[in-house]
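Here's the structure we're looking at; comments come further down.
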Amino acid sequence: MLITCPYCGPRDVSEFTYQGDGNRQRPAPNSQNLDAWNEYVYDRLNPAGDHNEIWQHSGGCRIHLRVVRNTLTHAVSSAVAVRGHHGGKP
Amino acid sequence: MARSTEVERLSPLAPVYRAGPHGNFEDGVGVALSEPRPGSIVQLAAWPGEERRMIDAIRTVAGLALPDGAGGGVTENGRAAFGFAPGKFTVIDEKDGLAAAFAKAVTPAIGTVTDLSHGRTVIRIEGPEAEWVLAKFFAIDLSPPAFPLGAGRSTTHHDIFAQIQRSGPDRFDIHVFRSFARSFWTALCHGCEEVGYEVA
Ligand SMILES: [Zn+2]
């Protein structure tokens, strides 16, 4: 399985670290909506097909990526930097 | 760091560094291995949006004009620079003092300067079989069209993080953490036995 890092180009999956489901929406830190927290912590779509994921190119340029991976075929149809690198200061 | 000229720098490779020809060299030496031991290794990181000013600082301080594009790099007059991540650059000088010079030019508004001169070890591999040997270690495309002269790459050999710069048509400079350098050197020597290698 190859992931095409927008900076480094196509690299072996062994250079990357999976950072979890990219669909999750974290509630505000002070939220007391238990359903929203339950959804964030436990609920997963678990699709058989395209899945939004967060990966890090930990064995390369170390940027975080939004990746769309097909869970049936491992085909990666998209990999973009989580943070645009031409925006404002962090 | 400005006083480092007064300190004798010890190589982590010393216990395993054996000059001379090794391996299957009867039919010729496929690669030469050496340790360039630059005086300065500096890592520069620009804040988002400040990349252009960082590249300007590299031109001003080191006299190196970086080409555009990811991983672009240059080697010239004992100095070298390359991008290894978005907005991040490694700059090398044969001489000491590069970090201090960058600390004056790179203001806190532009980004950060990290002196890695004592933290990284540079291992040089050169020769007609250099691409062949490195392909055993790194899962990257080492051919000149994909990895042009001067360019840099961030990659790993198992858990050993490495920055690689192509510093010649058949020459690569591999930057590894100092603490991993002896292990990596030993593995590299094993990988070179097949083609015959000479340690400078
Ligand atoms: Zn990358």
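Note: hydrogens, waters and symmetry copies are ignored here, and every other heavy atom, side chains too, is used. Naming: A, B, ... by sequence-line order, numbering from 1 per chain.
Contact detail for A:Y7 and B:A70: the closest heavy-atom pair is O-CB, 3.2 Å. Here the closest heavy-atom approach between residue A:C61 and residue B:P86 is recorded as CB-CD, 4.1 Å. Listed here is the closest heavy atom pair of B:A139 and A:D12: CB-CB, 4.2 Å.
By the 6.0 Å contact criterion, CZ on B:R178 is enclosed, its count of non-hydrogen atoms from other residues, nucleotides or ligands being greater than 12.
Side-chain heavy atoms closer than 4.5 Å link hydrophobic residues (I, L, V, M, F, W, Y) into clusters, and following such links, even through other members, never connects B:F82 to B:L98. Taken together through direct or relayed side-chain contacts under 4.5 Å among Ile, Leu, Val, Met, Phe, Trp and Tyr, B:I160 and B:L33 form part of one hydrophobic cluster. Hydrophobic clustering (side-chain heavy atoms under 4.5 Å, transitive across Ile, Leu, Val, Met, Phe, Trp, Tyr) groups B:I123 together with B:I140.
Using a 4.5 Å cut-off between heavy atoms, B:F161 contacts chain A through its side chain alone, with no backbone atom that close.
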